[in-house]
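As structure tokens, the structure follows; a few thoughts come after it.
Keep in mind the model is a prediction, meaning the values are calculated, not measured. Numbered from 1 within each chain, the chains take letters A, B, ... in sequence-line order.
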There are 2 protein chains.
Amino acid sequence: MTDEPEPVAKKSRAPSMHDVARLAGVSHQTVSRVINDAPNIRDETKQRVLDSMEQLQYRPNRAARALVTSRSRTIGILSASRTNYGPAASIQAIEDAANAAGYAVTTANIHGFESTSIVRAIDRLLDQAIEGLVVIAPQRRVFDTLAGMALRLPIVTLQSTGTDGDRSLSVDQIMGARLATRHLIELGHRSIYHLAGPQDWIEAEARMTGFLDEMNAQDMPTTAPFLGDWTAEFGYFAGRELLRVRDFTAIFAANDQMALGLMHAIRDARLDVPGDISIVGFDDIPDAAHFWPPLTTVRQDFPELGRRCVALLLGGLDAGEQYDGIIAPTLVVRGSTGPPLSR
Amino acid sequence: MTDEPEPVAKKSRAPSMHDVARLAGVSHQTVSRVINDAPNIRDETKQRVLDSMEQLQYRPNRAARALVTSRSRTIGILSASRTNYGPAASIQAIEDAANAAGYAVTTANIHGFESTSIVRAIDRLLDQAIEGLVVIAPQRRVFDTLAGMALRLPIVTLQSTGTDGDRSLSVDQIMGARLATRHLIELGHRSIYHLAGPQDWIEAEARMTGFLDEMNAQDMPTTAPFLGDWTAEFGYFAGRELLRVRDFTAIFAANDQMALGLMHAIRDARLDVPGDISIVGFDDIPDAAHFWPPLTTVRQDFPELGRRCVALLLGGLDAGEQYDGIIAPTLVVRGSTGPPLSR
DNA sequence: CTCATCGTTGTTCACGTTCACAAGGGTGAG
DNA sequence: CTCACCCTTGTGAACGTGAACAACGATGAG
């Protein structure tokens, strides 16, 4: 009888193509054809295979496929400060678009600012054999490191100025900054400050450029921008510093968080926004409409950015093609801006 | 001589173990041993192999390794609303901890509330052959779906109540809610409303439970909580509705965003926070300290949560072990709460 | 001197899939 | 009737790695 050496214990391994093939009475290759829906399979055969797959709860083994095709079907994202709204929204959009195209996504976070951290992050992505790379929230240092590594990969950078050799895709930061600045000038402000982002960030640089361009175009005097770090905390600190001088009637902050901190400092000084000082932000994070006062800001369409990003990357993977790399931002006027009262 | 049939054109394929082995004059198995630092390798041999790896810029092929070991070394994260601060911070912490342990991370987003979306998301993770699953921002529906699928995987759920059969790990939501509620009561408030999160969310339910527990413990009358959707937009809407009645002096909002919207609505009604109405939030997002007024809220230590989560999951993968699944939250008192004026 | 043992290295196979090619049966034209 | 061709399916090899086992030389004990 040899009573059941392994009656049910024949488990542990997941069913493979061969198991499906055996059950369906075909060869493993036929199963493969069904999966990759190749032409020239008899309908009845195909159905029998599908039924067997269903019955066994079969799942293709991604590793085996990657091994033989030497394609990982994975996209890597290199990101910094992903708890911020912009990067988070971009990542989500990229993931969704990539998934829809049958690609998986891996992310690697950069901490701090040492270049070893950057190299390690890229290394982890390469270990995953990514087929394409998206760089979010790029800093000069990241680009330099990337250039030094001479990767043989399609790379798309988000939120850059679009002036680099790599393919890039971005909301037009310069135009956004000009919109914000022009809005303040049209309201009658003559002395406008800019609270910029960290110097290393391409995004911050572009916004600063946009600010200066517009100020110059309108023959306005400019002062050196204040360099911040994107946080509300810094905005608050910067506000307190700036208010010591108080020779301005408006501030254009390089993002919404810093604008929030600024408004906090201004209120602490018993001044009014926008009565005494107008504030403009950048990003239009979901909370911005409910700040006090509701923040005038520049809206970036992050989901659209993510979608196009994947289209560009995958298009670049399969074949070169045209693309429109610039997305126009929109100015959203809310309560934090108004004409200067005193003058 | 057979002079070099393909002198330089031998490209395209990445170098494999065999290439390294040939260069070092050893067998591929020796290379394998060096990589997995097995014992009993002569130092000189090891060094020669390392040099060859360096020279060829060799990277182990993860797919091949996964195929033969049938271990993907990948952790899956099932998340919803990841543009919010809490989930985003948790994901980042989990990734970092997982990477440090040599694991990769894949995420899948749930959109909307249809269970097909949940199934698809889990399916994508299973396609990646994940070895463990982290569920962030869990909703009842997700758990039901998960239970129905009977996965043979270690699962850790974040931010749940800890009452489920699965291993879970969370900041103690009930205690956090009680802290917030007690704070309001101690200030002298007698009529307190709760603006809760979406009904389906376990997290929202726990906060509501904490609120009701504390109110009952102190013999306070309670009214039915208002059910929201986590957004500032909804907080604003809810605020306008609640102000029609205005039979309360304080509101405990289930997260900071909704608290922000509430404060916006209160200001629009020409009322003062905290003079007329005190507001408490939950999460302590980085911006909360700069809201107007700065928000009293309950702080959750998301990074710590992520770290412990991975420790638990990986501990669970390798061997069962003890764990401390509850992290205590902290009440952060700021300007949005004070004693009731009128009474 | 011989044999067992240990440290070090090599050989062979298996993992689950796709690719290249072959084989078999049916159909139509000459 | 025969041959060429197409449609459908099967066979065998290969991808890069790790596991099991074998082999080799050196060392030490008897």
Side-chain angles (χ1 to χ4, degrees), chain A residues 10-50 52-53 56-74 102 104 126-131, chain B residues 10-50 52-53 56-74 102 104 126-131:
Chain A
K10 191 58 172 300
K11 322 199 61 175
S12 81
R13 280 229 173 272
S16 75
M17 265 191 176
H18 290 91
D19 300 320
V20 175
R22 199 176 315 123
L23 183 60
V26 296
S27 74
H28 75 275
Q29 178 60 13
T30 300
V31 177
S32 173
R33 279 190 263 258
V34 170
I35 291 172
N36 303 300
D37 50 26
N40 303 337
I41 306 177
R42 203 150 32 110
D43 279 349
E44 190 224 4
T45 309
K46 181 171 182 174
Q47 195 54 53
R48 217 166 55 228
V49 171
L50 288 174
S52 303
M53 282 172 34
L56 294 178
Q57 296 245 49
Y58 168 76
R59 294 181 170 278
N61 182 318
R62 202 174 178 109
R65 176 180 295 175
L67 179 58
V68 69
T69 59
S70 55
R71 299 207 40 184
S72 64
R73 297 235 146 215
T74 299
L126 292 179
D127 277 346
Q128 303 266 340
I130 57 169
E131 293 182 30
Chain B
K10 191 59 172 298
K11 319 197 60 166
S12 81
R13 280 228 172 272
S16 75
M17 265 190 177
H18 290 92
D19 300 319
V20 176
R22 198 177 315 124
L23 183 60
V26 297
S27 73
H28 81 274
Q29 179 59 12
T30 300
V31 177
S32 172
R33 280 190 262 256
V34 170
I35 291 173
N36 302 301
D37 50 24
N40 302 339
I41 306 179
R42 205 154 28 116
D43 278 349
E44 190 225 3
T45 310
K46 182 171 183 174
Q47 195 53 52
R48 218 167 55 229
V49 170
L50 288 174
S52 303
M53 281 172 35
L56 293 179
Q57 296 245 49
Y58 168 76
R59 295 181 167 279
N61 183 318
R62 203 175 176 106
R65 177 180 293 174
L67 179 59
V68 70
T69 59
S70 55
R71 300 206 42 183
S72 64
R73 296 233 146 217
T74 299
L126 292 179
D127 277 346
Q128 304 266 339
I130 57 170
E131 292 182 30

Between dA14(C) atom C1' and Arg65(B) atom CZ, what is the distance in whole Å? 17 Å
Quickly work out the Lys46(B) NZ to dT8(C) P distance and round it to whole Å. 11 Å
From CZ of Arg71(B) across to C1' of dC15(C) the rounded distance in Å is 16 Å
Once you round it to whole Å, what is the distance between C1' of dT17(C) and CZ of Arg62(B)? 19 Å
How close do Ala66(B) and Ser72(B) get, heavy atom to heavy atom, and via which atoms? CB-CA, 4.3 Å
Just by modelled atom types, is the Ala24(A) backbone N or O under 3.5 Å from a matching donor or acceptor in the Arg48(A) side chain? yes
Check: Arg71(B) side chain, Glu131(B) main-chain N or O, donor-acceptor pair, under 3.5 Å: no
Grab the CD-C1' distance between Glu44(B) and dG7(C) for me, whole Å please. 15 Å
Hey, does Leu67(B) reach any base, or is it just sugar-phosphate, or nothing, if we go heavy atoms under 4.0 Å? base
Remember a base hit wins even if backbone is also touched, and classify Pro39(B) as base, sugar-phosphate or nothing at under 4.0 Å, heavy atoms. nothing
Val34(A) to Ile41(A) - nearest heavy-atom pair and separation: N-CD1, 3.8 Å
Does Asn61(B) put a side-chain nitrogen or oxygen below 4.0 Å from OP1 or OP2 of dC15(D)? no
Assign Asn40(A) to base, sugar-phosphate, or nothing according to its heavy-atom contacts below 4.0 angstrom with the strands shown. base
Using a 4.0 Å heavy-atom cut-off across all strands, classify Thr45(A) as base, sugar-phosphate, or nothing. sugar-phosphate
In whole angstrom, give the distance that lies between atom CE of Met17(B) and atom P of dA19(D). 10 Å
Using only side-chain N and O atoms of Arg42(A), determine if any of them is under 4.0 Å from OP1 or OP2 of dT9(D). yes
Between Arg33(B) (side chain only) and Asn40(B) (backbone N and O only), is there a donor and an acceptor less than 3.5 Å apart? no
Just the rounded figure in Å: distance from P of dG16(D) to CG of Asp127(A). 16 Å
I'd like to check Tyr58(A) versus Ile35(A) (side-chain heavy atoms, cut-off strictly below 4.5 Å). Are they in contact? yes
Please list residues of residues 27-35 of chain A whose heavy atoms come under 4.0 Å from any atom in DNA chain C, ordered by number; otherwise none. His28(A), Gln29(A), Ser32(A)
